[in-house]
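This report concerns only the one structure given below.
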There are 2 protein chains.
Amino acid sequence: MPQTVTIRTVAEHAGCSIATVSRVLNGTARTSAEVEARVRAAVAELGFRPSEIGRSLKTLRTRTLGVVIPSLTNPVFAGSVAGMEAEARHRAHTLLLTATDYDAEREWELVGTLVAQRVAGLVLTVADPDNNATLDWLDAERIPYVLVYNEPQGASRASVTVDNAGASRALTQAFLAAGHRRLLFIAGRFSTSDRSRLRHQGYLAAMAAAGLEPEPVLELDYLADTAAHRAALAGLLAGPDRPTGIICSNDLLALSVIAAVREMGLAVPQDVSVAGFDGIAIGRLVTPVLATVDQPTRRMGERAVARLFDLIEGERARTVEHLPFELRAAGTLAPAPHLPPAAPKGRRAATPSPRQTASGKALR
Amino acid sequence: MPQTVTIRTVAEHAGCSIATVSRVLNGTARTSAEVEARVRAAVAELGFRPSEIGRSLKTLRTRTLGVVIPSLTNPVFAGSVAGMEAEARHRAHTLLLTATDYDAEREWELVGTLVAQRVAGLVLTVADPDNNATLDWLDAERIPYVLVYNEPQGASRASVTVDNAGASRALTQAFLAAGHRRLLFIAGRFSTSDRSRLRHQGYLAAMAAAGLEPEPVLELDYLADTAAHRAALAGLLAGPDRPTGIICSNDLLALSVIAAVREMGLAVPQDVSVAGFDGIAIGRLVTPVLATVDQPTRRMGERAVARLFDLIEGERARTVEHLPFELRAAGTLAPAPHLPPAAPKGRRAATPSPRQTASGKALR
DNA sequence: CTGTTAGCGCTTTCAT
DNA sequence: ATGAAAGCGCTAACAG
């Protein structure tokens with residue numbers, strides 16, 4: 001029987017009432033040094049740890065925060081959860097972690113179980129923050145929550161994110177500045193990610209501003225394997241005026257696309273430049289370095305929890321907080337090759353494509 | 001006030017006693033169809049969710065599992081936690097997640113807070129499973145737990161892992177079969193990882209069996225950046241009889257070492273072959289593919305939770321469960337180059353180093 | 001089949 | 001400074 005020792009056991013051992021034990025442990029009221037010593041001795045001897053459950057039932061508050069994310073397999077979410085955990089730990093709280101596996105239906109169910117546990121608040125990344133009955137319900141129940149990576153457009157919801165459209169615009173402009181004209185945008189499923197949608201919009205805006213025709217978006221499942229991605233790309237990268245650049249809505253997708261492009265016999269970035277989005281750590285380790293928009297992943301999680309505590313403590317404002325990002329327009333993003341006017345492919349560009357190492361700074 | 005509606009509110013609404021409400025909700029005893037309908041209606045109308053806290057206090061059991069891992073930033077742990085979460089969800093449980101950030105001291109503290117929450121059991125990855133006061137204490141308290149990725153040698157503890165030494169031996173033999181003779185082993189900190197120690201031992205065993213002299217182990221922090229790794233490697237890869245192969249005790253380290261080696265002007269795998277350990281997803285996406293020992297990361301988490309439930313339900317055996325691994329001796333692991341007898345470096349091997357694509361199967 | 005009631009472990013008045 | 005006692009939301013034993 002794990003833990004048959006309760007506050008009563010301690011009280012008997014110390015020869016005092018349970019109220020006194022509680023006072024000593026919580027420092028709620030002054031106690032005589034003598035009694036306190038006896039209590040502490042008893043606690044130590046018995047190895048007593050007050051039950052959070054009993055405490056919670058009485059105070060009607062727990063020291064747990066609920067977390068709902070799509071998946072831990074994506075380093076972006078794993079990293080932000082790491083930040084949440086650290087911040088929560090500093091505030092003597094623990095995380096109740098759940099994942100939807102990209103099934104938006106499951107959001108409701110998971111929030112339900114978390115609320116049944118009476119979490120003090122929630123941090124979540126949902127499929128669609130603007131049209132979301134679960135979040136509306138949390139609002140109605142006045143349960144505090146903060147979104148991460150979601151960037152609600154209409155609804156007023158507390159969230160921590162980056163300026164996705166702005167960052168994507170900046171990334172697209174970096175491609176244009178490198179001489180690229182035909183640019184492919186490959187997106188993760190719009191239905192499960194507003195990030196993906198907003199990043200695509202940034203691309204469209206930048207192309208329009210440059211007076212260029214955007215390519216039809218290619219919506220891919222980033223969880224699928226390279227073979228699937230290669231199949232989807234087949235045909236799109238042939239011909240004399242094929243796209244010379246590919247922007248992917250996340251880094252995992254970008255790495256897979258790069259592998260696919262290479263398997264098709266094209267060199268990255270000499271023949272095709274590819275960039276991702278997120279700034280996962282591994283992107284810095286591959287050769288050449290993955291061009292991307294670097295976000296402060298861990299800090300996103302920390303900030304989300306910090307803001308959640310603000311809400312718990314009565315803060316009223318429900319604002320979208322934008323953290324700074326950093327453009328990494330290097331490595332797999334190089335100047336556009338001079339495509340041969342007729343010969344479809346196989347030949348390398350005449351220019352040796354020196355590695356571009358410019359690195360944009362935070363656009364705020 | 002979130003949730004002022006309790007079982008009592010529902011009872012009033014349905015015109016019955018709280019006991020009846022409880023019976024309907026839990027299906028503990030038969031109730032008349034009429035009353036049941038009234039209760040269900042009241043529950044729906046009020047949006048009532050029974051408090052897990054009240055339930056737990058009464059039954060002295062919670063539906064939460066405590067998790068202690070070094071860090072979510074390593075995809076290996078993130079992946080296994082994903083597996084734990086899925087398995088726990090199937091069994092109507094939730095994970096209380098904590099991370100030590102590789103601070104072994106913190107294990108004790110985290111287990112304490114988790115136990116205070118009265119988790120039903122624990123899944124953990126610790127720095128040293130054989131000499132661990134925290135685990136001894138859990139044993140004494142008879143709190144069920146399962147280790148993941150730890151491979152206790154002496155102590156009898158439930159754990160789910162792979163045969164680290166065996167896998168490392170197999171990997172080393174693959175290097176030897178490819179003609180490598182001078183093989184460097186780069187390990188993560190031994191003090192925070194028994195995996196690292198065991199994998200090193202496997203390397204030593206394989207070298208000894210082949211009658212070869214092992215190199216002094218290089219202990220590195222895999223969290224450090226490539227610059228640090230390059231500094232540590234400097235000098236070790238020069239000279240006419242420099243090592244032609246490097247085995248790293250984990251994939252993240254391997255990717256960083258590859259980047260460092262390339263920055264030193266050596267080609268991977270033409271000049272130096274490099275392999276990692278773990279089989280993280282990104283390893284398949286880099287070019288060439290990362291040679292490694294592929295473990296069923298997610299399944300490790302699932303199995304750990306499954307076994308934890310066995311323990312919770314009274315299972316007595318505390319055994320080490322080995323899941324099968326798969327050797328991926330391809331990509332960054334290629335035949336050893338013919339080193340020039342005198343000229344120190346800069347020239348490529350005479351043989352074109354065809355990519356080796358053999359892929360070992362599970363050794364069980 | 002249903003209601004009454006006694007706690008589960010703890011915090012917190014209210015007395016003393 | 002300390003103790004007695006009430007009660008948080010729920011389950012389960014016991015009556016009826």
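Chain A is the first sequence line, chain B the second, and so forth, proteins listed ahead of strands; every chain is numbered from 1.
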Qualifying side chain to side chain donor-acceptor pair (under 3.5 Å) pairs, either residue in residues 7-22 of chain A, two or more places apart | A/Ser17-A/Thr20, A/Ser22-A/Asn26

Five-pair end axes of the helix from C/dC1-D/dG16 to C/dT16-D/dA1 and the angle they enclose, rounded to 10° = 40°

Here the salt bridge (charged side-chain N to carboxylate O under 4.0 Å, His left out) pairs for residues 71-87 of chain A, sequence neighbours left out, are A/Glu85-A/Arg89, A/Glu87-A/Arg91

Sequence neighbours excluded - salt bridge (charged side-chain N to carboxylate O under 4.0 Å, His left out) pairs with any residue from residues 67-79 of chain B = none

Taking [atom1] from [X] and [atom2] from [N], how many angstroms apart are they, rounded to a whole number?
X: B/Arg8; N: D/dT11; atom1: CZ; atom2: C1'; result: 12 Å
X: A/Leu57; N: D/dT11; atom1: CG; atom2: P; result: 12 Å
X: A/Ile7; N: C/dC8; atom1: CD1; atom2: C1'; result: 13 Å
X: B/Glu12; N: D/dG9; atom1: CD; atom2: P; result: 12 Å
X: B/Leu25; N: D/dG9; atom1: CG; atom2: C1'; result: 13 Å
X: B/Arg63; N: D/dC10; atom1: CZ; atom2: P; result: 13 Å
X: B/Arg55; N: D/dC8; atom1: CZ; atom2: C1'; result: 17 Å

Would you indicate what A/Ile53 reaches in the nucleic acid, counting non-hydrogen atoms under 4.0 angstrom: base, sugar-phosphate, or nothing?
-> nothing

What residues form a salt bridge (Lys or Arg N to Asp or Glu O under 4.0 Å) with [X], not counting sequence neighbours?
X: A/Arg157; result: A/Asp136, A/Asp139
X: B/Glu321; result: B/Arg303, B/Arg307
X: A/Glu105; result: none
X: B/Glu151; result: none

Who pairs with B/Arg23 by side chain to side chain donor-acceptor pair (under 3.5 Å), at least two apart in sequence or on another chain?
-> none

Between B/Gly54 and B/Gly15, whichever has its closest DNA chain C nucleotide further toward 5' is B/Gly15

Find every protein N or O atom lying less than 3.5 Å from an N or O atom of nucleotides 12-16 of chain C, and list the pairs.
none

What pairs with B/Tyr149 under ring pair (Phe, Tyr, Trp, His ring centres under 6.0 Å), at least two apart in sequence or on another chain?
-> B/Phe77

Indicate yes or no: at least one non-hydrogen side-chain atom of A/Ser159 is less than 4.5 angstrom from one of A/Pro129.
-> no

According to a strict under-4.0 Å criterion, is B/Ser17 in side-chain N/O contact with OP1 or OP2 of C/dG3?
-> yes

In residues 29-40 of chain B, which residues come under 4.0 Å of DNA chain C by heavy atom?
-> B/Arg30, B/Thr31, B/Ser32, B/Val35

Distance-minimising heavy-atom pair for A/Phe309 and A/Leu65 = CE1-CD1, 4.0 Å

